[in-house]
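Please read the structure below before turning to the comments.
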Amino acid sequence: MNMRNGKIGIIDLSTGVSSEEDFVGDVLTAGVLRALLAKHGPDSIVLGTGLLTGSLIPASCAGTLTAGQKTMPLLGHAGIELKLSGFDFLVLKGKAPNWGYVWTRDGIVELVELRESPQLNSWQRTDKIRADQGDSKIQVVSGGPWCDAGSPAAQLVVDHWGGEDKVGMGAEFGKRNLAAVAFRGMGELEIADPEAHFEGSVALMKGHLSRLGPNKGLQSYYEGAGREDFVSLVHRYIGCYGCPFPCRTYLKTEEDPKEMRFMHKEPGYLHYDVPALEMATQVGLSSRDATRVLTRCAQAGAEPVAVLTAAAVGGGRPDVASIESLLSRRADVKPVNKGNFESSLPSLKDYETCLGLGLCPRYWAKVGFDIRSLSSCAESAIGHTLQ
Ligand code: SF4
């Protein structure tokens, strides 16, 4: 099947038993998610890839993670890596008896115990999983202590960084004794007409770039990243899979930003969480301190807009130390309903369609999301008209 593996991986966390089902059809992701939740139980967690995830269409990097009514995007290299692991969708059922993580690669899905997980923050979990499995390119969607505790203001992080989970997905992991989900794949995807798809994708990208002009990383999407103290800390811009106009900007706070080697264990942070940066500015943090706070929040698995909002209660001016102290008082922080990628497109329907196709909503909002503009390119990949 073009652009699909034709397989759904299923694991019962309560027993560790895994199985697989055929996936027939290449309808958009939202419909499949509903069907999988109906079949495997509304308490299941479903990870999904989009129809065009991993194609040559610009910014076709997106996957999704759904629990109940909550869905968060999986960006960076997580969506493509999930698809190349051999599954189009992954269903996680039940609750694990002990802390552990789901490990998926090359058509295999298993539950690996990680009993020390409650002592590890999200960064330590990612590093440990990569070290234990012997591959630094493993993609890890990880919880932290706030997720373990089931805090409604928790966030999952994707490969160390926060910004995708604005729906409280972290608590869903905690409820199931799930420390993380990790995937890696070396699979291949079939394309209906590779030559036409390549040419169509290049033409799409050229058309976009000629309209967009020079890229300035996050500043190209969010004016606040043009602040002098933000720009002075910029180390480099990083794109997700297939993104020609990246929003991701890495800031170094603990060493010279122009130093290309990493000399310090935690030199900085990858920014793409616009609402968190807006809130940090609003409470009076410098870009350096905002970066430090977002790092601590990501490690704890705490959603930073909620943390910063709580830190500003009473009208005081929070600093890094007071926010670090707040991170040890989860009960004082309530969730805040503020989307990041969810706010990119004008309608929820467009957002869901964009994600269902496997496309980054932020990039496609910037270039103008119009399904007609990409339909012939998509059709050269999947071999039939887009439904
Ligand atoms: S716009 Fe940002 S989040 Fe979207 S694909 Fe590009 S780098 Fe990734």
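All ligand and atom numbering here is 1-based and tracks the order in the structure. As a basis for the values below, the full set of heavy atoms in this structure was taken, side chains included, without hydrogen atoms, waters or symmetry mates.
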Legend entry - Basic-acidic side-chain contact under 4.0 Å: Glu266, Arg292: no
Inset, instruction - Taking Glu172 for its side chain and Gly170 for its backbone only, find out whether a donor-acceptor pair lies under 3.5 Å. - result: no
Inset, instruction - Mark yes or no for whether Asp229, through its side chain, and Ser287, through its backbone, hold a donor-acceptor pair below 3.5 Å. - result: yes
Legend entry - Under-2.8 Å protein N/O/S neighbours of atom 8 (Fe) of ligand 1, ordered by chain then residue number: Cys240 SG
Legend entry - Any Tyr241 heavy atom less than 4.0 Å from ligand 1: no
Inset, instruction - Classify the side-chain pair Thr66/Thr71 by whether it contains a donor and acceptor separated by less than 3.5 Å. - result: yes
Legend entry - Verdict with supporting geometry, Asp370 and Arg372, salt bridge (charged side-chain N to carboxylate O under 4.0 Å, His left out): CA-CA 5 Å; Asp370 175 0; Arg372 289 165 303 182; 3.1 Å; yes
Legend entry - side chain to side chain donor-acceptor pair (under 3.5 Å) contacts in which one or both residues fall within residues 202-212, not counting sequence neighbours: His208-Tyr363
Inset, instruction - Using a strict 4.0 Å cut-off to heavy atoms of Tyr221, name the atoms of ligand 1 that fall inside it. - result: 1 (S)
Inset, instruction - Determine whether Val91 and Ile11 make a side-chain contact, defined as any pair of heavy atoms from C-beta on separated by less than 4.5 Å. - result: no
